Trainee: 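The following block contains the structure, expressed as structure tokens.
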Amino acid sequence: MLLLHSTLFQILFYLSTFVLMVLFSPVFLLPRRWGWWIVPFWSWFNLALLRFIVGLKVEVRGRENIPEGGYIVASKHQSAWETFALIPEFPDPTYILKRELRWIPIFGWYTAKFRQIPINRGKRSAALAEMMIAAKEAISEDRQIMIFPEGTRRPVGAEPKYKFGIAHLYRDLDCPVLPVALNAGLYWPRASWMLYPGTVLVNILPPIQPGLAPDVFHATLIETIETATEELCEEARGEARPSPLLADLRPAAAD
């Protein structure tokens, strides 16, 4: 049944995304802000599919920590889940994403329409400079820059590998960074077709205010996100049907 439910969701996820993109294509004639509601609607729709097909729910904590205006959201990256599920939590987010996504027909047009920030990861210094220009513009417009500091999805329990680019953003943009911990990888594993029922726990942590030295900030961010993520994974052991991936994780108490 897990395989059946996972397959059904995967099919509907891609099919509904395509249908919604075509159905809402007149948005390209509207100003960006007028058409933005389509993006959180897409997120809510997929979260509803997860809940009713897979039995995967979500619990978000720490919304009181979300500041006003422009800031950076630095999220743990374990799954495809957080690439869309975090969108409704913020008023006007812009993702930093790999440039190749712009080349996907229709989907790439939406990323351009809603001014997401592409980055050419093959040209590090030039990419960082271009990203910084776009990021400063987004912050000046009170938007939220969404970034996964590890750059790619990491398996649950894997050693963290945070890029230092987030520290450059923090220093140059001079704005708060909002750390986000989650355990989505327990239910929608990296590079896996299978999905598991349960409750994804998300913890929006207190913002790290500007003013720290980049290396101090970088270490603080890693410690903050990784500690909270480990706690959420441990909490998941108490579910009625814990994720089977927990069997491969060493309990924190054993350490």
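None of the values given here were measured: they were computed from a predicted structure.
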Trainee: When you compare the side chain of Trp188 with that of Arg153, does any pair of heavy atoms fall below 4.5 Å?
Mentor: no
Trainee: Between Leu178 and Ile204, is there a side-chain heavy-atom distance shorter than 4.5 Å?
Mentor: yes
Trainee: Below 4.5 Å, heavy atoms only, C-beta onward: do Asp92 and Arg33 meet side chain to side chain?
Mentor: yes
Trainee: So Val202 and Lys76, do their side chains get closer than 4.5 Å, heavy atoms only?
Mentor: no
Trainee: Taking side chain as C-beta onward, heavy atoms only, is Leu169 less than 4.5 Å from Met131?
Mentor: yes
Trainee: Which atoms form the tightest heavy-atom contact between Ala74 and Ile166, and what is the distance?
Mentor: CB-CD1, 4.4 Å
Trainee: Start with the C-alpha distance between Glu141 and Arg115, add both sets of side-chain angles, then the distance that settles salt bridge (Lys or Arg N to Asp or Glu O under 4.0 Å), and finish with yes or no.
Mentor: CA-CA 12 Å; Glu141 296 173 351; Arg115 292 169 55 197; 2.8 Å; yes
Trainee: So with a 6.0 Å cut-off around CZ of Phe18, is the heavy-atom count from everything else above 12?
Mentor: no
Trainee: Hey, are Arg154 and Glu159 close enough for a salt bridge, meaning a charged N less than 4.0 Å from a carboxylate O?
Mentor: no
Trainee: Determine, stepwise, if the pair Ile72 / Ile147 fulfils side-chain contact (heavy atoms from CB on, under 4.5 Å).
Mentor: CA-CA 7 Å; Ile72 301 167; Ile147 188 169; 3.7 Å; yes
Trainee: Answer yes or no: is there a donor N or O on one side and an acceptor on the other, between the side chain of Ser243 and the main chain of Tyr187, under 3.5 Å?
Mentor: no
Trainee: Under 4.0 Å between a Lys/Arg side-chain N and an Asp/Glu carboxylate O for Arg61 and Glu59?
Mentor: yes
Trainee: State, yes or no, whether a side-chain contact exists between Pro189 and Leu195 at a heavy-atom distance under 4.5 Å.
Mentor: no
Trainee: Strictly below 4.0 Å, N to O, side chains only: are Asp215 and Arg171 in salt-bridge contact?
Mentor: no
Trainee: Test side-chain contact (heavy atoms from CB on, under 4.5 Å) on Ile119 and Arg99; report intermediate values, then the result.
Mentor: CA-CA 5 Å; Ile119 182 170; Arg99 181 189 58 172; over 6 Å; no
Trainee: Apply the side-chain contact (heavy atoms from CB on, under 4.5 Å) test between Leu50 and each candidate in Val58, Leu56, Val200; give the one that qualifies.
Mentor: Leu56
Trainee: Between His5 and Phe9 (judged by ring centroids, cut-off 6.0 Å), do the two rings come close enough to count as a pair?
Mentor: no
Trainee: Check for me, please, whether Val60 and Leu232 land in the same ILVMFWY cluster - side-chain distances under 4.5 Å, paths through other members count.
Mentor: no
Trainee: Which residues pass the side chain to side chain donor-acceptor pair (under 3.5 Å) test with Glu223, sequence neighbours left out?
Mentor: Thr227
Trainee: Between the side chains of Glu89 and Arg63, is the shortest nitrogen-to-carboxylate-oxygen separation below 4.0 Å, so that they form an ion pair?
Mentor: yes
Trainee: Count the heavy atoms belonging to other residues, nucleotides or ligands that lie under 6.0 Å from CZ of Phe164, then report whether that count exceeds 12.
Mentor: yes
Trainee: I'd like to check Phe114 versus Val27 (side-chain heavy atoms, cut-off strictly below 4.5 Å). Are they in contact?
Mentor: yes
Trainee: For the side-chain contact (heavy atoms from CB on, under 4.5 Å) test, which of Ile145, Leu101, Leu86, Thr111 pairs with Tyr95?
Mentor: Leu86
Trainee: Quick one: does Tyr170's side chain have a donor or acceptor within less than 3.5 Å of a partner on Leu212's backbone?
Mentor: yes
Trainee: Taking 4.0 angstrom as the limit, do Asp172 and Lys136 come out as a salt bridge?
Mentor: no
Trainee: Should the ring pair Trp81 and Phe84 be called parallel, tilted or perpendicular, given that the plane angle runs from 0 to 90° and is split at 30 and 60?
Mentor: tilted
Trainee: Between Tyr196 and Leu2 (side chain of the first, backbone of the second, donor and acceptor by atom type, cut-off under 3.5 Å), is there such a pair?
Mentor: no
Trainee: Check for me whether the distance between the ring centres of Tyr110 and Phe24 falls short of 6.0 Å.
Mentor: no
